[in-house]
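Letters A, B, ... mirror the listed sequences (proteins, then strands); counts begin at 1. For clarity, every value in this text was computed on a predicted model and none was experimentally measured.
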There are 2 protein chains.
Amino acid sequence: MVHEAILDQTFSALSDATRRSVLTRLGDGPATIGELAEPAGMTLTGMKKHVLVLENAGLVVTEKVGRSRQVRLGTERLDDAMTWISFYQRLWERRLDGLDAFFTLQKGRENE
Amino acid sequence: MVHEAILDQTFSALSDATRRSVLTRLGDGPATIGELAEPAGMTLTGMKKHVLVLENAGLVVTEKVGRSRQVRLGTERLDDAMTWISFYQRLWERRLDGLDAFFTLQKGRENE
DNA sequence: CGCTTCATGAACCATATGGTTCACTTTACG
DNA sequence: CGTAAAGTGAACCATATGGTTCATGAAGCG
């Protein structure tokens, strides 16, 4: 199981809409801090902080090239998050199939 | 696609190890605030706050029974989070298969 | 009834977060 | 060279977060 601090950082990084949109943007390829800041209507300094959060979470990798900084998608952290979620989702589904589910879910959906 | 504010709440709720362990515990069935607080070495008040965060995120459902409060796993929010992650994971994988990935990963990072 | 237990709410505290502005460095380029 | 552009760092600000203590309320029980 993944280290708790790693999950903390990953989920925390993902909990901001600006940062998620950065990841979306990076899905189309690398971008500079400026190119990320502009559509977000944010200062370079502000976006730099977001990128740092993503980088610390391992969701993004950066490299200084010339006077700008290239930002691109990182490795494997989304895997960690999804592994955790799918594990507990199985727990949750098992629960819904159990007796307690029937008991607490005021007899709505019997078969599914 | 899911509303941004919902994802904010869900990921934010998941970004705390205490809250994740609460979800783990609830995988074994409902529990009271006190039963959740004790293993966490935390006051009732503190745990109550965590439960409220999970409840606002829809990850948990509570119901007052007698003088205690039953907490159990909620519905469908883990689905939202996983849907988002798996979508962007596909983006990310596509990227790693592309030319840019080969290009940027092969040349060692000189400066930083 | 009177006491204990579980939960709750208010107040408080320290630290983290998300943003800004301003000053500065490094790089590009005419 | 001189100037503009991209980024960086420090300082600052408002609000959120994660926790506490203390006082109160409601439920159960002998």
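As rounded to whole Å, 12 Å separates atom C1' of C/dC6 from atom CD of B/Q70. The distance between atom CD of A/E4 and atom C1' of D/dG18, rounded to the nearest whole Å, is 17 Å. Per the geometry, CG belonging to A/L36 stands 16 Å off P belonging to C/dG18, to the nearest Å. Atom C1' of nucleotide D/dT17 and atom CD of B/Q9 are separated by 14 Å, given to the nearest angstrom. Between A/E63 atom CD and D/dG7 atom P there is a gap of 14 Å when expressed in whole angstrom units. Between the CG atom of A/L52 and the C1' atom of D/dA10 there is a distance of 15 Å, rounded to whole Å. Rounded to whole Å, the distance from CG on B/L54 to P on D/dG18 is 10 Å.
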Reading 5' to 3' through nucleotides 19-30 of chain C, protein heavy-atom contacts under 4.0 Å coded B for base, S for sugar-phosphate only, - for none: BBBB----BS--

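Here salt bridge (charged side-chain N to carboxylate O under 4.0 Å, His left out) pairs that include residues 8-17 of chain A, with residues two or more places apart or in two chains, are A/D8-B/R20.
Side chain of A/Q9 to backbone of A/I6: no donor-acceptor contact under 3.5 angstrom is found.
Distances shown here put a side-chain N or O of B/T32 below 4.0 Å from the OP1 or OP2 atom of C/dA7. OP1 or OP2 of C/dT8 sits under 4.0 Å from a side-chain N or O of B/R69.
Scored by the side-chain hydrogen bond (donor to acceptor under 3.5 Å, both in side chains) test, A/R25 finds no partners at all (sequence neighbours excluded).
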Chi angles and distances behind the side chain to side chain contact (heavy atoms under 4.5 Å, CB included) call for A/V22, A/M47: CA-CA 9 Å; A/V22 164; A/M47 180 51 69; 3.8 Å; yes

Could you check A/V60 against A/R72 for side chain to side chain contact (heavy atoms under 4.5 Å, CB included), going step by step and ending with a plain yes or no? CA-CA 6 Å; A/V60 130; A/R72 54 202 151 79; over 6 Å; no

Mind running side chain to side chain contact (heavy atoms under 4.5 Å, CB included) on B/L14 and A/L14 for me, showing each step along the way? CA-CA 10 Å; B/L14 291 176; A/L14 291 177; over 6 Å; no

